[in-house]
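Please read the structure below before turning to the comments.
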There are 2 protein chains.
Amino acid sequence: MKQKITIKTIAKELGVSTSTVSKALKDSHEISKETKDKIQAYANLYNYKPNSLALQLRNQKTKVIGVILPKIVHHFFSTVIMGIEEGAIEKGYHIMVCFSNESYAKEVETLKVLSNGSVDGLIVSIANETLKNKDYKHFTDLVSEEIPLVLFDRVVDDILCDKVVVDDVGAGYKATKHLLDNGRKKIALITTPKHVNVGTLRRQGYEKALIEEYIKTNNNLIIEIDENLDVRKQIEPVFNLDIDGVFAVNEIYAANAIRIAKEKGLKVPEDFSVIGFTDGLISEYSSPSITTIAQHGFTMGKQSVELLIERIEKESEVYSPKKIVISSDLKLRESTKPSS
Amino acid sequence: MKQKITIKTIAKELGVSTSTVSKALKDSHEISKETKDKIQAYANLYNYKPNSLALQLRNQKTKVIGVILPKIVHHFFSTVIMGIEEGAIEKGYHIMVCFSNESYAKEVETLKVLSNGSVDGLIVSIANETLKNKDYKHFTDLVSEEIPLVLFDRVVDDILCDKVVVDDVGAGYKATKHLLDNGRKKIALITTPKHVNVGTLRRQGYEKALIEEYIKTNNNLIIEIDENLDVRKQIEPVFNLDIDGVFAVNEIYAANAIRIAKEKGLKVPEDFSVIGFTDGLISEYSSPSITTIAQHGFTMGKQSVELLIERIEKESEVYSPKKIVISSDLKLRESTKPSS
DNA sequence: CTGTTAGCGCGTTCAC
DNA sequence: GTGAACGCGCTAACAG
């Protein structure tokens, strides 16, 4: 890389001191108009840009927010990133994005590296494997170092920090209720393994809605998908049971369910209803398009940064972790009939 | 944030000098075993982590790569990010992700901020608006500052730097040829405005394939989508013309085409063929699923970082811009019949 | 008005 | 074997 121009070179070139240059560039009133003009002209000419590293070191802040996501191919996480980025830029921050790829080891490593001072704070959604291990030491360490941390979507109570989540129980309830309103009684649930708490919460909502209708939960109708195996093959068997609807906790599962239903000759939504979660492009372009619970990823992302930045900038105050709950909405499409 | 422990505090605490500590932590042979042990033990105990900012300032390198994308909701860009991140991590780098949101002004701004020394190099896919303006000064400035830059996918010749692209002409040809092999003769092209060069290149491939079959290009069959307007409404009219197939330059356009075709009562793929571009989830889950040209976003991302890092680390060598062309593959699905 | 000094945290000479 | 001094680029406090 070409030698960058610094305050020092300007100072030497113009025969003044570095601090004069520094002040002149900030239009300080301490400096005479003519020297200011001279210095500013020179700086412009040679396209001087202050070295942000030096500033960061000096100010002890980077204006960078670290973001660690499990993966990005879920449309949901893409929208969250957009939200985070937008909120960050608005407040003069930038984001550094990393992926844990659902791996515990990589999460630990990434957390360690980013907390070396390269970021002012972190926004994280916890990796599956970590959730499974229940080992949160890397997070609690962070908290005790008092590095601002916001957890979103996949959060756990063991970590004392700010959180942004959707009302998963309520959302699961809403989804199931909608199917019940469609006249469905035998509703399968396609969800994640138990250690992924969002799945568990949505399941609670599902059960709650059933109970209200005096329907007993049938565990055979609940499929916990292992993402390491073929998703479709795991869903298929439930279609051999007597079911008339499916609630899937994400859009991939929902899309698979629709495919299978159609192959089995079931007419959606006339004979069979499907509802998904996360309002992504798959739901929109599947046919029939899929009714879903919209998770508002963009909003979650934006709220997360705003919370984080507030924490970063007002570190003086007493720390009492906040939890923001984002409400979810039913996005009605073709895979279910409107509630009667 | 809690006061971080530094080399200095360790030195003071243990009654040695900072340089002794520095050397001890690097296991230098200049230091006696016992002082090393003492210092290392202390450092571990208090969880000492070298301040990366200070290191960056000292080494004049950040080990961070800036990435600027037009947007992320396209599955293609998500996969590119994954590829970039994986390649970066492997080489000990991190990525800083920003979005231009297709806006010229934001691209300029972001480029300026990131080139302040916060990154060692940049990977960019140019914003639509910039492509339209044809104003690349912010990029050429970067080049003349000798900041390593890799452009991918949406690139222009005016900028002298490394590039990674797919063989768009070849891909357009391949796609069109496949439809012709399906027995289609009246193929509509749904593409981007002319200023988006990838669209133009794919169009060239389309025309080339037609010419080979002695079919004259009919401009009425070529739709240039303005993304600011409703996509579907712009596609619909072409279905009133006499067509038997569609080549769409991305999967959203393809999914829309399929929907419209089905609504018009056309049977896909029996009566009508559709081929898309970018192998994303929509193509996979649409019904019928969509045959596409797979763009290999992950590979593009990974090759881009690798190229960039090579450039960053061997800056001594003479600079002769490289251009890597990634070949694309036909991904056969239900929306077309196998080539006969 | 302008310059000197010191320090952010670290590593690297070069003395001792 | 250990430490003092310097520099990375910048700014704030203090002198002049």
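Bear in mind the structure is a predicted one, so any value in this text is a computation, not a measurement. Letters A, B, ... are given to chains in the order of the sequence lines, protein chains preceding strands, and every chain is numbered from 1.
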Answer yes when B:K49 and A:E145 have at least one side-chain N-carboxylate O distance shorter than 4.0 Å, and no when they do not. yes

Between the protein and nucleotides 12-16 of chain C, which nitrogen or oxygen pairs are less than 3.5 angstrom apart?
none

Length of the line joining A:L57:CG and D:dA12:C1', which is rounded to integer Å: 15 Å

Is the shortest side-chain N to carboxylate O distance from B:K91 to B:E310 below 4.0 Å? no

Less than 4.0 angstrom between a side-chain N/O of B:T6 and OP1 or OP2 of C:dC8, yes or no? no

I want to verify a distance call: between C:dT2, D:dG1, D:dC10, whose nearest atom is closest to the A:S32 side chain? C:dT2

Does A:Q60 place a side-chain N or O at less than 4.0 Å from the phosphate oxygens OP1/OP2 of C:dG9? yes

Under the ring-ring contact (aromatic ring centres under 6.0 Å, His included) test, which residues partner A:Y104, sequence neighbours left out? A:H138

May I ask you to decide whether A:D27 forms a salt bridge with A:K36, counting only side-chain N to carboxylate O separations under 4.0 Å? yes

Could you walk me through whether B:D162 and B:R311 pass the salt bridge (Lys or Arg N to Asp or Glu O under 4.0 Å) test, one step at a time? CA-CA 9 Å; B:D162 293 320; B:R311 196 62 80 187; 2.7 Å; yes

Through what angle, rounded to 10 degrees, does the axis of the helix from C:dC1-D:dG16 to C:dC16-D:dG1 turn between its ends, using five pairs per end? 60°

When you measure from the side-chain N and O atoms of B:Y48 to the phosphate of C:dC10, is any distance below 4.0 Å, counting only OP1 and OP2? yes

For A:N59 and for A:K8, find the nucleotide of DNA chain D with the closest heavy atom, then tell me which residue's nucleotide is more 5'. A:K8

Look at the side-chain N and O atoms of A:T20 and state whether any lies under 4.0 Å from the OP1 or OP2 oxygen of C:dG3. yes

